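Position 1 is the first residue of the sequence, and the numbers go up from there. Keep in mind the model is a prediction, meaning the values are calculated, not measured.
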Amino acid sequence: MNTRHFDVWQLAILLISMIQPSGAEIIPASRRIEWDPGIPGGIPHYAATVNVMDFGAEADGTTDDHDAFAAAIASLPSRGGVVFIPAGTYNIGSTINLSSGIILRGAGSDKTKLLFSMANSSPCIEAVTYQRGDWKDVASGFDKGSRELVLSDASEFSVGDFVEIQQDNDASLMYTQSTWNVSWAENSVGQILVVESIAGNTLTVDKPLYHSYSASLNPQIRTQGFVTHAGVEKLFVKKTVNSADGGTFHFKNAAYCWVREVESDHTRKSHIATSTAYRCEFRHNYFHHAWDHGGGGHGYGVNLGLHTTDCLVEDNIFRHLRHAMLVQVGACGNVFGYNYSIENVQGAGETNLNQGWTPCDISLHGHYPNYNLFESNSVQEIDVADYWGPCGPGNTFLRNVVESEGIDVLDHSHTQNVVGNMLGDGENDLTIENNVQHSLVHGNSAGGSVEWDASISDQTIPPTYYLTQKPDFFGDTPWPVLGWDVTAAFHLPAIARYVSGEYTPISYPSPGKEFRQSNVRIAQSGRRLTLTIEDDHLSGAVVAIHNAQGSVFKTVSLGAHGGDATSIYISMSDAPAASGIIFVTLRRHNRGSVTRFFAPTE
């Protein structure tokens, strides 16, 4: 294995690795993608910048502290910063709006409590912007796996742009009932990408297309300006007015945002809802209860909506909700891993619930969500297309434990992958409707026995399809922890927290910043970052560092043979202005290129 070291001027680095899923031979490449979710390099940590108490917050649970929060946010520089919220109870009468780089950090979910008392349908906290370009036709290059898109006109695009591709809905696939044809779910199939290079009218994007598009369905692409690097951490939030429709957290046109170590108590719609979001992370949270668990989008946990791509929902507890984890309207490439859901309920309000039936807590909610991964979750019921019509291909269920009502694949939702899951007896089994085709079902246990697909020779269930090693939050707990082939009697970390009553973990950041993901490690000390990449395919590779306009200010060849340490030193005078975005492109011989972001800090 080759190991490379890069010393780089102080940058908050966001970088990921190429993941080769284990057990790929069980699921052919045509039926899956390389899942690579979440913020590249992980959620960064920054020191607190301002204290909300210095801007007039009372924290007495009665005075409306919204203006103090707004003033604290407004005081931060254009690149953003952290608003620290000390222990106390804060009454907030209207929505807190987060722009790029704004982070709200409490003293812990048991200490800092935000009670939102608005009577309208606004969310409690939102990160939303509208900086969209005009739609341009995509002439060719739009098959699954393609990274080169040929446009009718690429003159409005630049290297580093976020872009959104979509096409018209295919009525023959998606409208198995006329009810499914609704205006809010038009152009469902889509994906968020980043422009890596431009040659004439050809865009090269950073990742392959997950789904094949059709010329007859008018594929189009546009630039997207996003809120980036906004986060909420270490606090408790509650929507206190039971008649105020709306959700708690809302991310729309947002990338690299996060919610972590938060307890969210009582929403009305979703605890977290996204639309056109990219590579966000929601982890180590406790989402529970809603003022209403009926139809119309009420009582949801995390709802990933229109074109939401490559988000990570990991190590959360969900309790007493209608649907804990939900994808819909073309959400693709997202991963739900190592979550625990209990007490799924449905019905108007909060009483007399579950009259006659119970809902699924993992819901693939129609309008063609595709290539999403659900790995090692402990839940009560999984439904593929429980409403709003067929789901797209490639949704994959690996090593989930289903405790109550099994897995149902419904309504022409073709080409789903169900591998290594644990079910039970009676109604807790796997049901695939007769109208569903091309399901891959292999190595699932039900009623005490394991069922195999005789056409698949490999009977070793992979531990993961998106990780390469045990997650750090497992600590000393063995991994994998869920599956009929696992003999150790250990719980998911989320279950252990629920049982102990310590619903969100307590973490203490180390000095500086250190990010780890797969075979990439970045550690900061003082004014220097050390970047380590372990990869067997770096011989002849080139690293290029450039700005959003494509202007390269540093290139380094990694050599013909590999194996030797190579260092890149970038002085402050070499680097672009601190308010800019820096890109790093790693080009590997015969393996394409990968572009990643650096977000400069002081």
Side-chain angles (χ1 to χ4, degrees), residues 48-76 80-129 227 229-252 254 257-274 282 285-292 298-303 503-504:
T49 306
V50 298
N51 188 318
V52 73
M53 300 301 288
D54 295 334
F55 295 85
E58 297 290 341
D60 58 9
T62 302
T63 304
D64 186 348
D65 286 326
H66 176 271
D67 288 351
F69 278 77
I73 291 171
S75 75
L76 294 169
V82 178
V83 175
F84 178 64
I85 313 166
T89 300
Y90 301 80
N91 173 46
I92 301 173
S94 53
T95 300
I96 293 176
N97 297 291
L98 301 182
S99 54
S100 292
I102 303 300
I103 301 159
L104 301 182
R105 179 183 300 144
S109 64
D110 59 336
K111 299 179 177 65
T112 300
K113 300 183 182 297
L114 309 187
L115 306 182
F116 285 84
S117 58
M118 69 274 284
N120 58 26
S121 60
S122 299
C124 300
I125 298 174
E126 69 176 1
V128 176
T129 190
V227 176
H229 303 102
V232 182
E233 309 174 342
K234 301 177 181 297
L235 52 79
F236 172 100
V237 58
K238 182 175 183 178
K239 195 174 180 70
T240 62
V241 179
N242 63 8
S243 60
D245 213 17
T248 302
F249 295 97
H250 183 213
F251 296 89
K252 183 174 183 178
C257 296
W258 67 89
V259 176
R260 67 171 173 182
E261 299 173 39
V262 165
E263 179 177 350
S264 181
D265 176 12
H266 275 84
T267 189
R268 267 190 66 90
K269 289 208 164 180
S270 299
H271 284 273
I272 292 180
T274 72
F282 311 119
N285 303 295
Y286 177 32
F287 303 114
H288 61 98
H289 292 86
W291 295 114
D292 186 11
H298 293 95
Y300 294 170
V302 175
N303 174 10
Y503 300 122
T504 61

**Report entry** CD1 on Ile73 to OG1 on Thr49, rounded to 0.5 Å
**Finding:** 12.0 Å

Query raised in the report: In terms of ring plane angle, is the pair Phe251 and Phe282 parallel, tilted or perpendicular, where the classes change at 30° and 60°?
Result: tilted

**Report entry** Any side-chain donor near an acceptor of the partner, Ser122 and Asn120, under 3.5 Å
**Finding:** yes

**Report entry** Atom pair CD1/CD1 of Ile125 and Ile272 - distance to nearest 0.5 Å
**Finding:** 10.0 Å

Report task. Check the pair Val232 / Leu98 against side-chain contact (heavy atoms from CB on, under 4.5 Å), numbers first and verdict last. Result -> CA-CA 9 Å; Val232 182; Leu98 301 182; 3.9 Å; yes

**Report entry** Point-to-point distance, once rounded to the nearest 0.5 Å, from NE2 of His66 to OG1 of Thr95
**Finding:** 7.0 Å

**Report entry** Partner residues of Phe287 under the ring pair (Phe, Tyr, Trp, His ring centres under 6.0 Å) criterion, sequence neighbours left out
**Finding:** His271, Phe318

Report task. Could you tell me whether the side chain of Asp65 and the main chain of Ala59 form a donor-acceptor pair under 3.5 Å? Result -> yes

Report summary line: side chain to side chain contact (heavy atoms under 4.5 Å, CB included) with Phe236: of Val262, Asp265, Thr504, Leu114, only one passes, and it is Asp265

Query raised in the report: Hey, what do you get for NE2 (His229) to CD1 (Ile103), rounding to the nearest 0.5 Å?
Result: 9.0 Å

Query raised in the report: Of all heavy-atom pairs between Lys269 and Gly247, which one has the smallest distance, and what is that distance?
Result: CB-N, 4.1 Å

Query raised in the report: Under 3.5 Å, is there a donor-acceptor pair between the side chain of Asn285 and the main chain of Glu263?
Result: no

Query - For the student: nearest non-hydrogen atoms of Ala107 and Ala87, plus distance - result: CB-N, 4.0 Å

Report task. Under the side-chain hydrogen bond (donor to acceptor under 3.5 Å, both in side chains) rule, what do His266 and Asn242 come out as? Steps first, then yes or no, please. Result -> CA-CA 8 Å; His266 275 84; Asn242 63 8; over 6 Å; no

Query raised in the report: Which distance, rounded to the nearest 0.5 Å, do you find between the CZ of Phe69 and the CG of Asp64?
Result: 10.0 Å

Query raised in the report: Which pair of heavy atoms, one from Ala290 and one from Arg268, lies closest together, and at what distance?
Result: CB-O, 4.5 Å

Query raised in the report: Less than 4.5 Å apart, any side-chain heavy atom of His250 and any of Val128?
Result: yes

**Report entry** Counterpart residues, ring pair (Phe, Tyr, Trp, His ring centres under 6.0 Å), relative to His288 (two or more places apart)
**Finding:** Tyr286

Query raised in the report: For the residue pair Phe55 and Ala68, what are the closest heavy atoms and their distance?
Result: O-CB, 3.4 Å

Report summary line: Closest heavy-atom pair, Gly246 versus Thr267, reported as atoms and distance to 0.1 Å, is O-OG1, 3.8 Å

Query - Heavy-atom check, side chain of Ile92 versus side chain of Cys124, under 4.5 Å - result: no

Report task. Any chance you could measure Glu233, atom CD, to Trp258, atom CH2, to the nearest 0.5 Å? Result -> 6.0 Å

Query - Candidate pair Leu235 and Ser109, rule side-chain contact (heavy atoms from CB on, under 4.5 Å), full reasoning - result: CA-CA 4 Å; Leu235 52 79; Ser109 64; 5.9 Å; no

Report summary line: Taking every heavy atom of Ala273 against every heavy atom of Ser270, the minimum-distance pair comes out as CB-CB, 3.9 Å

Query - Trp291 and His298: CA distance, side-chain angles, deciding distance, side-chain contact (heavy atoms from CB on, under 4.5 Å) verdict - result: CA-CA 8 Å; Trp291 295 114; His298 293 95; over 6 Å; no

Requested in this report: Determine, stepwise, if the pair Val83 / Val50 fulfils side-chain contact (heavy atoms from CB on, under 4.5 Å).
Outcome: CA-CA 5 Å; Val83 175; Val50 298; 3.9 Å; yes

